[in-house]
Amino acid sequence: MSGLFDAPEATPLAPGAVLLHAFALADAPAIVAALQAVTAAAPLRRMTTPGGFTMSVAMSNCGPLGWITNRHGYRYVATDPDSGRPWPPIPPLLLRLAGAAAARAGFAGFRPDACLINRYAPGARMALHQDRDEQDFSQPIVSISLGLPALFLFGGLQRGGRPARVPLVHGDVLVWGGPARLRFHGIAPLAAGSQPATGDCRINLTLRKAGAP
Ligand code: MD6
Ligand code: FE
């Protein structure tokens, strides 16, 4: 129940994009524990962009498909290129949470087949980009923030212009799809801080439907 002086449960950012405050907060300890097992099997690693730069964010995946970048481009693949094994399965807790968050934002029936795990150490950032390597843009993306706070840069459908700056804190869930699905977005360089839940870093999980509908 929310009262006059409570923080809002949901903030619409744009048509198709909504920030669900603290939606993952109660599940955060269980999510962090499940991620330990995932990243033990598929360790976080800093990938190379097609332009030859090493990303500041360390990444891994779980699910039938995982997002990778290397000198040959960006794409989704079924096996971890570092081990040759399939990515670990998406923990059921995350599937449930993503489906509930998507439904809360108006996207019923969301069934992700990919979960990208991003780990930001202080100073790490994500340049403005669009998420367009998925096959079906009718499906939303559910983004879970854990650990240190970050400033989300929320741009428009075209590159250029000054993006809005949206603070994301531990337990926040951002859902976007529909008319917002191809907006440019990024993360400002992470400020250092103390966050026992994740060990002084930020973890972002993005659950997507990457494969064919
Ligand atoms: C991040 N998020 O929060 C980066 N992409 O660390 C993303 O790149 C992102 O939050 C698509 C949809 C939601 C997101
Ligand atoms: Fe993205």
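Side chains included, hydrogens not; waters and symmetry mates left out as well; all remaining heavy atoms used. Throughout, residue positions are numbered sequentially from 1 according to the sequence presented. As the structure lists them, so they are numbered: ligands from 1, and atoms in each ligand from 1. A quick note: this is a predicted structure, and the numbers were derived from the prediction, not measured.
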Report task. Find out whether Ser60 and Pro43 are in side-chain contact, i.e. whether some heavy atom of one side chain is under 4.5 Å from a heavy atom of the other. Result ->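 A side-chain contact under 4.5 Å is absent here.
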**Report entry** Sub-4.5 Å side-chain heavy-atom contact between Arg45 and Asp80
**Finding:**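 Side chain of Arg45 against side chain of Asp80, heavy atoms only: contact under 4.5 Å found.
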Query raised in the report: So which residues, sorted by chain and number, lie with a heavy atom under 4.0 Å of ligand 1?
Result: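 Those residues closer than 4.0 Å to ligand 1 by some heavy atom are Tyr120, His129, Asp131, Ile141, Ser143, Phe152, Trp176, His185, Ile187, Arg202, Asn204, Thr206.
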Query raised in the report: If you leave out waters, which protein N, O or S atoms are less than 2.8 Å from the Fe ion (ligand 2)?
Result: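 Per the 2.8 Å query on the Fe ion (ligand 2), atoms found are His129 NE2, Asp131 OD1, His185 NE2.
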Report task. Among Asn61, Asp131, Asn118, Ile117, find the residue that satisfies the side chain to side chain contact (heavy atoms under 4.5 Å, CB included) test when tested with Trp67. Result ->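 The passing option is Asn61.
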Requested in this report: Output yes when Lys209 and Asp113 qualify as a salt bridge under the 4.0 Å nitrogen-oxygen rule, no when they do not.
Outcome: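 Answer for the salt bridge query: yes.
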Requested in this report: May I have the step-by-step check of side-chain contact (heavy atoms from CB on, under 4.5 Å) for Val18 and Leu13, ending in yes or no?
Outcome: CA-CA 5 Å; Val18 56; Leu13 299 182; over 6 Å; no
Return all side-chain donor-acceptor pairs below 3.5 angstrom for residues 134-151, not counting sequence neighbours, or 'none' if the list is empty.
from	atom 1	to	atom 2	distance (Å)
Glu134	OE1	Arg181	NH2	2.9
Glu134	OE2	Tyr76	OH	2.6
Glu134	OE2	Arg208	NH1	3.0
Asp136	OD1	Ser138	N	3.0
Asp136	OD1	Ser138	OG	2.6
Asp136	OD2	Ser138	OG	3.3
Ser143	OG	Asn204	ND2	2.9
Ser145	OG	Arg202	NH2	2.8

**Report entry** Qualifying residues under side chain to side chain contact (heavy atoms under 4.5 Å, CB included), relative to Arg159, sequence neighbours excluded
**Finding:**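 Once residues adjacent in sequence are excluded, the partners of Arg159 under the side chain to side chain contact (heavy atoms under 4.5 Å, CB included) criterion are Leu128, Phe184.
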Requested in this report: Check whether any side-chain N or O of Arg46 sits under 3.5 Å from a backbone N or O of Met55 as a donor-acceptor pair, and report yes or no.
Outcome: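 Judged by distance alone, yes, a pair lies under 3.5 Å.
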Report task. Please state whether the rings of Trp176 and His185 are parallel, tilted or perpendicular, taking 30° and 60° as the class boundaries. Result ->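 Taking His185 first and then Trp176, their aromatic rings stand perpendicular (interplane angle over 60°).
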